[in-house]
Protein chains: 2
Amino acid sequence: MSRNSEQRKAVLAVVRGTTCHPDAAWIYEQTRKEIPNISLGTVYRNLRHLINDGEILELETGNYKRYDGNIQNHYHFKCARCHEIYDVDLELDNVININNEVAHKTGFIVTHHYLEFGGICKRCRET
Amino acid sequence: MSRNSEQRKAVLAVVRGTTCHPDAAWIYEQTRKEIPNISLGTVYRNLRHLINDGEILELETGNYKRYDGNIQNHYHFKCARCHEIYDVDLELDNVININNEVAHKTGFIVTHHYLEFGGICKRCRET
DNA sequence: AGATATAATGATAATGATTACTAATAAATT
DNA sequence: AATTTATTAGTAATCATTATCATTATATCT
């Protein structure tokens with residue numbers, strides 16, 4: 001049974017409190033401002049716990065994982081130059097029903113989809 | 001300048017010759033059937049080279065990377081139970097223009113998108 | 001064809017992110 | 001208060017990937 005420790009609350013607050021899709025090292029640095037002696041292993045353990053509970057999302061980004069406190073359905077844009085991940089808050093109505101379309105054609109159970117755009121972000125484009 | 005070694009040709013042939021979206025270890029095992037003393041580092045080096053040349057694609061899958069010899073535009077389905085990746089060869093006409101839609105709304109340069117479906121595949125569903 | 005330059009290789013060491021381990025701690029229950 | 005057990009800090013271990021380096025092989029240029 002979950003005990004909702006101070007460490008877990010701190011990790012969740014950090015992930016929920018940003019839109020920068022941070023990695024574990026950044027979350028570790030931030031939580032240390034509240035709990036200076038927190039262990040990096042504790043951060044990883046609580047991130048996994050929060051993912052299993054559906055409280056945060058995990059993003060697969062090659063060399064390391066990043067985390068997202070926004071569990072609402074939304075899309076991402078990843079800049080190929082600075083590697084920053086931006087939220088794409090578009091209402092893509094024409095994307096909504098493609099789960100059903102794929103399910104029908106493949107015979108698979110389709111529960112979700114992940115859509116990520118790639119290119120160059122505005123800030124990188126202007127420099 | 002590229003020298004198109006036997007090792008590179010073997011790695012490319014292996015990645016092109018399957019639809020299973022293999023990881024580096026599997027590609028290593030397969031190429032060893034042709035070139036028994038090939039080094040794992042050589043496999044990694046050539047995979048990276050082929051990616052930079054646009055001859056194969058790299059898939060980000062959490063703990064390790066997987067590779068795709070199909071560079072045509074297509075989508076994927078990842079089974080949450082067996083973790084197999086299937087090609088989704090649908091013509092999703094309504095998805096084609098979303099790059100432009102996102103570019104217009106964000107001001108970013110949008111060159112591509114990656115769309116992955118998730119759920120349970122047919123084989124896992126039936127067992 | 002032979003000489004030269006340099007890309008590529010095999011073997012192994014190093015790296016970096018993540019996970020496992022362990023003894024100690026702290027919170028819920030009795 | 002005693003007991004149970006999840007959680008922690010600290011550290012070691014793991015695993016995929018990358019870097020290093022001496023050697024080999026291939027393309028290019030006379």
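We name chains A, B, ... by the order of the sequence lines, and we start the count at 1 in each one. Owing to the predicted nature of the structure, the values given are computational and were not obtained by experimental measurement.
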d(CD1, A/Ile38; P, C/dA26) in whole Å: 15 Å
Any B/Asn4 side-chain nitrogen or oxygen under 4.0 Å from OP1 or OP2 of C/dA8: no
B/Lys65 side chain, from C-beta outward: closest of D/dT7, D/dA9, D/dT18: D/dT18
Phosphate OP1/OP2 of D/dT18 contacted by B/Tyr44 side-chain N/O (<4.0 Å): no
Contact nearer the 5' end of DNA chain C, comparing B/Thr42 with A/Tyr67: B/Thr42
Between C/dA17 (C1') and A/Trp26 (CH2): distance, integer Å: 18 Å
Under 4.0 angstrom between A/Ser39 side-chain N/O and D/dT8 OP1 or OP2: no
Charged N-O contact under 4.0 Å between B/Glu55 and B/Arg8: no
Atom pair CZ (A/Arg48) and CZ (A/Arg45), whose distance is rounded to the nearest 0.5 Å: 8.5 Å
Residue A/Asn37, side-chain atoms from C-beta onward, closest of D/dT26, D/dA9, C/dA27: D/dA9
Among D/dT17, C/dT9, D/dT7, the one nearest B/Asn46 by side-chain distance: C/dT9
Distance in angstrom units between B/His49 NE2 and C/dT6 P, rounded: 16 Å
Protein-nucleotide distance (A/Asn63, atom CG; C/dT18, atom C1'), rounded to Å: 13 Å
B/Arg3 CZ to C/dA7 C1', straight-line distance once rounded to whole Å: 4 Å
Expected output: side-chain B/Thr31 to main-chain B/Tyr28 donor-acceptor under 3.5 Å: yes
A/Tyr64 side-chain proximity, nearest of D/dA9, D/dA6, C/dA17: C/dA17
Selection from D/dA16, C/dA20, D/dA9 that lies nearest to any side-chain heavy atom of A/Arg45: D/dA9
Euclidean distance, atom OH of residue A/Tyr28 to atom P of C/dA17 [Å, nearest integer]: 13 Å
Nucleotide D/dT24, atom P - distance to CD of B/Glu6 in whole Å: 18 Å
Per A/Gln7 side chain, nearest of listed nucleotides D/dT17, C/dA8, D/dT8: D/dT8
Aromatic A/Tyr64 / basic A/Arg66 pairing, under 6.0 angstrom, 45° off normal: no
Phosphate OP1/OP2 of D/dT7 contacted by A/Arg8 side-chain N/O (<4.0 Å): yes
Side chain A/Arg48 and base C/dT19 donor-acceptor under 3.5 Å: no
N or O in side chain of B/Ser5 less than 4.0 angstrom from C/dA8 OP1/OP2: no
Nucleotide D/dT7, atom P - distance to CG of A/Leu47 in whole Å: 14 Å
Minimum-distance nucleotide (side-chain atoms of A/Leu40 versus D/dA9, D/dT7, C/dT18): C/dT18
Closest nucleotide among D/dT8, D/dT17, D/dA9 to the B/Ala24 side chain: D/dT17
Heavy atoms from other residues, nucleotides or ligands near CD of A/Glu34 exceed 12 (cutoff 6.0 Å): no
Aromatic plane relationship, A/Tyr114 with A/His76 - under 30° parallel, 30 to 60° tilted, over 60° perpendicular: tilted
